[in-house]
Amino acid sequence: MAIIERLRAERGVQRVVLGCTELPLVLDDVSSPVPCLDPVEVHSRALVAAIVDQ
């Protein structure tokens, strides 16, 4: 949380990608100072959309 907050304050980070980690298990848009992107969720939604659109 401290790292995310520092990046937001010092570099203007607007979103955080929680890639290749277990961080989505403990961080989300409610607990993080900025919105979080969970790559598994993003890929899952894209896959379902692609299947439905076929």
Side-chain angles (χ1 to χ4, degrees):
M1 297 290 281
I3 293 170
I4 294 171
E5 182 58 43
R6 189 178 75 232
L7 289 170
R8 185 187 67 77
E10 294 176 4
R11 299 194 181 191
V13 168
Q14 296 178 357
R15 290 192 182 271
V16 176
V17 175
L18 305 175
C20 300
T21 68
E22 291 80 21
L23 287 175
L25 297 174
V26 295
L27 283 175
D28 59 20
D29 290 347
V30 175
S31 60
S32 174
V34 297
C36 297
L37 295 173
D38 178 356
V40 173
E41 181 180 346
V42 172
H43 288 123
S44 298
R45 289 179 184 271
L47 179 60
V48 169
I51 292 169
V52 170
D53 288 342
Q54 283 187 339

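Computed from a prediction, not measured in an experiment: that's the story for all the values here.
- Shown here for Gly19 and Pro39, the closest heavy-atom pair between the two residues is CA-CG, 3.6 Å.
- Within 6.0 Å of CG on Leu25 lie more than 12 heavy atoms contributed by other residues, nucleotides or ligands.
- By the side chain to side chain contact (heavy atoms under 4.5 Å, CB included) test, Val13 is found to be paired with Leu7, Arg11, Val16, residues two or more places apart in sequence or in another chain being considered.
- Applying the side chain to side chain donor-acceptor pair (under 3.5 Å) rule to Asp28 yields the partners Ser31; only residues at least two apart in sequence or on another chain are considered.
- Qualifying salt bridge (charged side-chain N to carboxylate O under 4.0 Å, His left out) partners for Arg15, counting only residues two or more places apart in sequence or in other chains: none.
- Tracing side-chain contacts under 4.5 Å through hydrophobic residues (I, L, V, M, F, W, Y), one reaches Ile3 starting from Leu23; they form part of the same cluster.
- The SG atom of Cys36 sits 4.5 Å away from the CG atom of Leu18 when rounded to the nearest 0.5 Å.
- Taking both residues in full, the closest heavy atoms of Gln14 and Val34 are given as O-CB, 3.7 Å, listed atom of the first, atom of the second, then distance.
- Across all non-hydrogen atoms, the minimal contact from Leu27 to Met1 is CD2-SD, 3.2 Å.
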